[in-house]
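To start, the structure under review is shown below, and the notes come after it.
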Amino acid sequence: MTREGWIRLLVIAAAVAALELACRLGWVPVTVVIPPSAMAASLVDILASGKHWADIVVSLRSVAIAAVLSIGLGFLVGAVIHAWPLVRGAVEPLLASYYAVPTFMFYPVFIILFGVGPAAIVAIAVLLAIVSMISATLVGLDRIPLVLRKTARMMHMGPASRALLIGLPAALPHLFTGVKLAVAYAFIGVIASEFILSGAGMGYAIAYAYNNFDNREMYGLMLLIILVVTVVNTGLDAVDRRLQARLRR
Amino acid sequence: MSVSPAEVAVVPDTAMPHARLVGVTRVFSRRGRGDDVHALGPIDLDLKRGEFFSVVGPSGCGKSTLLDVLAGLATPTSGTAEFEGRPIAGVPAGVGAVFQEDASFPWLSVTDNVAFGLRRAGVDPAEIARRVDYAIGFMGLRGFADAYPAQLSGGMRQRVCIARTLVMQPRLILLDEPFGALDAQTRLLMGDELLRMWRETGATVLLITHALDEAAMLADRVGVMSARPGVFIDIVATGWDAERDSRIVSHPRFGDLTGHLWERLRVESLKHLREG
Amino acid sequence: MSVSPAEVAVVPDTAMPHARLVGVTRVFSRRGRGDDVHALGPIDLDLKRGEFFSVVGPSGCGKSTLLDVLAGLATPTSGTAEFEGRPIAGVPAGVGAVFQEDASFPWLSVTDNVAFGLRRAGVDPAEIARRVDYAIGFMGLRGFADAYPAQLSGGMRQRVCIARTLVMQPRLILLDEPFGALDAQTRLLMGDELLRMWRETGATVLLITHALDEAAMLADRVGVMSARPGVFIDIVATGWDAERDSRIVSHPRFGDLTGHLWERLRVESLKHLREG
Amino acid sequence: VEISVTQWGTSLYGAPYAVAMAEGLFKKAGVDITSIIGSGGGGTTVRNLLASETPYGDVAIAAALAAQRQGLDVIIVNTGTRSTAEASLVTMPDSPIRSLKDLEGKKVAVTSPKGVSEMLLLMALKQEGVDATKVERVASGGYVNGLTMLEQGAVAAAALIEPLSIIRADKYRTVVSYGSLLPPMTTSVGITTRAFAKSNPERLRAIIAGRAAGVEALYENPARAAEILTKAFKLDPAVAQVAVANMIGPRMWSTGAFDRTELDRTVEGLRLIGEITGPVDWSKLLDPSFLPPAVQGAK
Amino acid sequence: MRSALGSAVVVLVLLVVWEGLHLAVSNSGLPSPVATLVRLGVLLGDADFWRQAGETGRAFAAAVVLSTFAGIGLGILLGMNRTTGAVAQPILVNLYALPKVTLYPVVLLIFGLGISARIAFGIMHGMIPLTLFTMNAILNMKPVYRRSAAVMGLTPWQSSFYVVLPAILPEVITGARLGVSLCLLGVLIGEMFAARNGLGFVVMQAMERGDMPSVLAVALLLAMLALVVNAALLALDRAWRR
Ligand SMILES: Nc1ncnc2c1ncn2[C@@H]1O[C@H](COP(=O)(O)OP(=O)(O)OP(=O)(O)O)[C@@H](O)[C@H]1O
Ligand SMILES: Nc1ncnc2c1ncn2[C@@H]1O[C@H](COP(=O)(O)OP(=O)(O)OP(=O)(O)O)[C@@H](O)[C@H]1O
Ligand SMILES: [Mg+2]
Ligand SMILES: [Mg+2]
């Protein structure tokens with residue numbers, strides 16, 4: 001591991017230890033936050049007892065579907081907008097404003113369109129995640145150096161092979177930024193919607209524990225989410241770093 | 001000994017030219033702004049088959065634009081461009097180009113970069129392997145066949161691009177500042193390699209460069225362009241024989257040649273400087 | 001006429017040097033990787049007050065590192081660096097530097113760029129206006145005083161950086177490839193301006209460049225560096241008088257000088273090329 | 001001071017507080033209630049309550065019990081509502097569903113698993129002798145969502161609550177109104193922290209008394225109450241009138257007294273949905289000592 | 001100007017799509033744009049609505065100001081040193097990817113019920129993107145700017161303020177554009193929980209009452225507010241870049 005990695009581990013360990021201490025000494029009431037060790041124990045119980053496996057599967061499946069959909073659709077939409085400068089000039093200013101509106105306000109609308117349950121939740125998450133993918137696609141396609149297009153023409157390549165063999169790999173590092181964001185937002189979108197609206201999934205399980213003041217269970221589940229997010233992010237980071245190292249110009 | 005323009009005057013050209021530009025101009029119209037940029041010409045130029053032609057000129061005078069026209073990447077606003085007797089429309093077969101900017105594909109290894117064009121063209125794999133291997137060795141990239149461009153210096157990346165163009169065995173090779181990423185000294189050494197390659201393949205070469213000594217050492221003829229819109233204000237035959245290399249810089253006529261080129265460009269550069 | 005090293009040997013230096021490097025080396029330790037990069041030295045160098053010293057050497061030999069040491073931006077790994085008799089620790093007052101990369105501030109107009117350092121130093125506004133106006137005129141930027149760097153060519157931006165450094169009236173001016181963005185011809189013209197400025201201010205100048213003709217034309221002495229780790233393999237006195245300008249390129253000794261420099265560097269460049 | 005009331009502004013639980021505030025009954029009782037913190041659900045109300053300066057609030061009984069079970073230092077000091085009259089089960093007007101029996105093999109929208117709407121449904125099914133396992137409950141996340149699903153045909157019936165059911169009365173047909181089917185039971189209770197009860201018994205008494213006065217005023221003058229609700233909850237005047245009238249019959253609002261049978265009925269319901277498994281020891285949970293003397297004597 | 005016109009066209013297209021959906025599904029959950037606009041008009045005429053909007057506005061303004069200063073400050077602090085940046089970045093990204101609604105109890109404990117909890121929610125959403133943008137901008141800033149500042153004898157404070165900050169301003173504005181929108185989102189979510197006032201409370205109530213026209217009207221209003229702020233920041237950005 002790199003030096004930064006070790007320092008990071010140390011910082012996190014220190015933060016966790018501080019929280020543990022604060023809880024154990026009663027500075028933070030256990031009715032609000034439980035010690036990290038108790039969270040870990042609770043997580044072990046949750047996983048061992050298997051009572052939330054169904055929720056975990058539902059949530060992760062929703063996240064995965066939402067992430068894949070927003071990445072794929074985001075790239076397509078981004079590519080189309082990019083090819084069409086007039087539309088782009090019109091749409092781009094709207095993109096950043098978009099995050100101000102809580103998407104789950106539209107849940108009733110989505111229920112009409114997608115029915116209740118995971119589909120509507122996935123739709124909310126896609127709505128949240130797709131914008132960062134579109135933006136990243138635009139940036140990525142912008143950054144393809146003109147000279148690569150020229151080179152492709154010198155090799156007598158057609159539009160399709162040009163897009164596939166030059167455009168896509170050349171834009172990939174930027175697309176990956178979008179991928180990372182899209183995954184993060186897919187997580188936020190799914191869990192938060194489940195928390196507020198749904199009757200299933202990890203978000204719902206947390207909300208349920210929250211409403212029943214079952215802090216042990218709640219924090220156990222939250223720890224699980226943090227761990228999953230960290231693992232996914234670390235994996236994406238590793239891929240990203242390899243891409244960056246290779247594709248940096 | 002000074003070389004006056006009279007002594008190195010344009011050699012009358014009788015053979016059928018390999019590439020020919022007649023009255024070529026190029027104007028960029030800027031939408032919305034109204035003011036057009038007359039970037040190039042009118043240019044008349046005949047490239048003889050197998051000749052090594054260098055172009056020098058102030059920055060922004062239209063050298064890269066000229067190359068784009070010959071490569072079929074840009075159509076002249078007026079005038080005609082021909083390659084091997086046929087008008088240039090689209091990129092002609094048999095023409096290869098190395099651009100001013102780094103055009104290596106960062107997602108491919110050196111070998112895959114060099115083989116890229118051949119694979120597109122559907123050349124037989126064994127033949128690809130043979131040619132790529134040769135080109136990589138030729139360009140001094142042997143130890144880096146599996147490296148990616150990010151692991152190479154700017155100069156080495158340019159060599160990858162040159163190799164990628166050479167393996168296609170073009171009959172006309174267009175080079176736009178291919179050694180821009182190198183220091184002056186290393187440039188001259190790379191020039192030696194280029195001369196060797198040129199002799200071996202017998203291709204016609206058009207080389208754009210900023211460095212007058214490079215132009216003077218490498219070319220059969222050196223075209224001197226004016227500030228924008230670039231036209232040829234002089235075309236100087238160097239009179240070197242084909243077996244030359246960088247040691248030519250200590251030839252007494254070399255200093256006179258560069259001095260002459262410099263003198264022709266001084267006025268143009270001053271113009272350019274005034275304009276900003 | 002050929003200039004042998006013996007003829008242009010280092011002139012013995014008796015006056016107290018303006019800046020002095022003794023046994024300076026610089027090693028970059030790469031954390032975690034283990035392999036250290038020995039970038040520079042050991043370097044011994046005395047810069048005389050008011051002299052124009054050029055440094056040439058293969059890419060990556062440590063020229064910019066040398067400049068960093070003199071500017072107080074990097075501390076030597078071993079050896080000592082002095083400016084005006086005092087050890088260099090931090091950026092010494094009276095030293096100005098123009099870096100290899102474009103360092104103009106894109107958010108400021110040309111005038112504001114040039115005035116930047118003076119304003120931070122709390123100089124009297126009237127005095128700032130006077131000095132800035134003079135520097136802008138001197139650098140041929142008069143028509144662009146209110147323009148922003150994005151509207152300027154690379155060469156003009158470098159001139160902005162030079163002006164920004166000159167208005168501070170440094171006694172030691174360090175220039176790292178200040179004309180890198182220009183074509184060879186315009187470089188020499190800019191060299192004329194630089195010589196004029198040097199004569200007017202009487203400052204000591206250290207100029208790093210890749211172009212041998214530029215070094216040969218501008219400097220009182222030219223230091224030739226080896227490939228990394230860079231050490232001076234030769235220091236050549238040009239013997240020009242102070243009133244020189246770019247027309248010196250037609251002086252018969254000029255070609256001999258560049259030829260000599262080129263010869264010294266040939267071996268070094270070959271080394272560098274082998275390494276990649 | 002500020003107190004918490006669950007679903008303030010959206011359901012009728014809070015009507016006595018609105019009346020008491022508008023009529024100055026709290027002031028008369030000796031406490032100045034300036035505003036009320038609402039919230040979507042019991043858990044949030046209890047948390048908000050614990051975080052506020054005057055930790056008194058009106059919450060669903062399930063939330064109060066859950067809080068206590070998890071060791072939060074809360075006690076129940078009065079009762080709030082004692083009827084399920086505001087809740088109903090509706091279907092589309094053209095639906096073949098006429099009674100709870102018809103729901104067998106069908107899907108019904110409830111708000112969330114183990115929520116009040118599911119509890120009432122299960123209690124009603126049990127009472128009618130319908131096999132609950134044959135009725136599939138779908139969690140919609142909210143009453144409105146349930147209605148949307150109903151309109152889309154995704155479910156055969158949906159749980160509904162007033163005043164929403166009045167606002168949309170013409171759109172759906174009521175299958176069952178729980179108030180007419182189920183006997184009275186305690187649905188919401190007033191809770192506070194033990195510490196607050198100890199340190200501020202007078203203020204607590206005043207709040208409870210003020211609310212009780214509000215309840216009485218409400219029953220005395222329903223028209224005036226409807227007017228107040230119109231303003232406080234931003235309801236249509238007609239809707240407010242109907243809503244108040246609907247609740248007056250079953251005497252939805254309790255003046256605060258504890259009724260063990262009504263409490264036990266709710267616990268039975270909570271057992272049905274699995275919220276409660278063990279026995280409930282009321283003596284530890286209830287503290288009637290802050291009720292007004294008149295009410296205290298009532299039962 | 002042309003892009004503003006284009007944006008207007010896009011908005012119009014969205015409205016048409018909305019109307020189309022409304023007609024297609026004919027469900028009380030999806031009112032028509034006209035009904036929504038009418039409701040928005042009614043809401044805007046209601047003094048109490050303005051009071052609620054004012055509540056949201058106050059929390060939003062405080063959250064924006066605080067998260068802007070804190071975000072940029074922290075970004076600069078972390079960005080000035082490569083190591084701290086490399087250490088902090090993944091932690092920040094992971095924290096950010098955590099669904100923040102789940103942290104409501106903790107926020108409640110620390111900030112209580114007042115405006116500060118909503119501000120905290122706003123900052124939790126809006127600050128980290130700004131910090132990341134600022135930090136990355138500094139890490140990617142041309143090192144020669146800082147070197148230039150050093151040879152001109154600037155103090156570290158001077159060079160942060162006169163060189164680093166202007167140099168990274170375009171990225172900071174991009175971060176701020178996102179941050180402002182997210183701040184608003186955070187404040188609204190906070191209001192939905194500690195519901196006693198603010199537009200979030202209005203929305204929550206409307207949702208529970210099945211009053212979709214009001215929900216969409218508020219959504220429309222928020223979108224317009226975010227658009228205006230964004231346009232202002234874009235204009236600032238353009239003025240800066242020239
Ligand atoms: N797409 C374009 N639109 C408008 N003007 C252009 C365009 N491409 C080039 N120009 C202008 O045309 C002129 C010639 O450009 P060109 O790139 O051919 O110059 P060059 O001689 O290659 O310069 P350099 O030596 O700097 O590479 C320049 O003044 C440039 O500004
Ligand atoms: N921060 C650093 N860490 C590690 N190695 C470095 C660092 N900076 C420079 N080097 C190495 O030190 C050597 C000298 O670098 P320097 O920039 O001084 O070369 P230079 O002579 O200025 O080259 P050029 O002519 O290309 O500008 C190079 O090999 C470079 O890779
Ligand atoms: Mg060019
Ligand atoms: Mg350098």
Side-chain angles (χ1 to χ4, degrees), chain A residues 2 75 79 82-90 92 136-137 139-179 236-249, chain B residues 31 64-65 67-68 70-74 90-110 112-123 146-152 154 157-158 160-162 164-165 167-168 170 172-178 180-181:
Chain A
T2 59
F75 177 72
H82 187 265
W84 213 355
L86 218 65
V87 175
R88 181 187 179 168
E92 239 180 349
T137 305
V139 172
L141 294 178
D142 272 350
R143 296 278 159 86
I144 298 178
L146 185 69
V147 69
L148 292 190
R149 295 176 199 278
K150 276 191 181 180
T151 305
R153 284 178 63 192
M154 287 309 293
M155 293 178 175
H156 305 276
M157 292 168 76
S161 59
R162 234 159 34 201
L164 211 67
L165 294 175
I166 307 287
L168 194 61
L172 205 59
H174 296 278
L175 296 186
F176 210 79
T177 315
V179 168
L236 288 174
D237 252 357
V239 178
D240 188 23
R241 234 174 301 120
R242 291 190 59 172
L243 272 182
Q244 294 287 0
R246 176 168 299 179
L247 301 188
R248 195 187 49 231
R249 300 177 57 90
Chain B
R31 271 191 304 241
S64 299
T65 308
L67 181 137
D68 280 356
L70 277 167
L73 293 170
V91 180
V95 175
V98 176
F99 299 106
Q100 202 164 4
E101 307 90 28
D102 169 25
S104 61
F105 298 142
W107 58 92
L108 295 179
S109 69
V110 167
D112 291 337
N113 256 291
V114 176
F116 188 86
L118 293 175
R119 295 209 179 118
R120 299 273 83 224
V123 176
D146 295 324
Y148 284 83
Q151 298 161 291
L152 305 181
R157 274 184 243 172
Q158 273 297 19
V160 171
C161 295
I162 297 172
R164 191 173 63 190
T165 301
V167 287
M168 305 295 287
L172 171 60
I173 304 176
L174 307 169
L175 302 164
D176 196 351
E177 284 277 348

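Each chain gets a letter, A, B and so on, in the order its sequence line appears, and its residues count up from 1.
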Legend entry - Partner chain B: residue of A:H156, A:M155, A:M154 with the largest heavy-atom pair count (under 4.5 Å): A:M154
Legend entry - For B:F99, ring-ring contact (aromatic ring centres under 6.0 Å, His included) partners two or more places apart: none
Legend entry - Residues A:T151, B:F116; criterion side-chain contact (heavy atoms from CB on, under 4.5 Å); working and verdict: CA-CA 11 Å; A:T151 305; B:F116 188 86; over 6 Å; no
Inset, instruction - Check side-chain hydrogen bond (donor to acceptor under 3.5 Å, both in side chains) between B:D112 and all other residues, then give those that pass, not counting sequence neighbours. - result: B:S109, B:R119
Inset, instruction - For residues B:R120 and A:M157, determine if any side-chain heavy atom of one lies less than 4.5 Å from a side-chain heavy atom of the other. - result: yes
Legend entry - B:Q100 vs A:V147 side-chain heavy atoms within contact, under 4.5 Å: no
Legend entry - Atom pair CG (B:L73) and CZ (A:R149), whose distance is rounded to the nearest 0.5 Å: 13.5 Å
Legend entry - Nearest heavy atoms of B:W107 and A:L165, plus distance in Å: CZ2-O, 3.2 Å
Inset, instruction - Side chain from CB out, backbone as N, CA, C, O: work out which of these in B:V98 comes under 4.5 Å of a heavy atom of chain A, or both, or neither. - result: neither
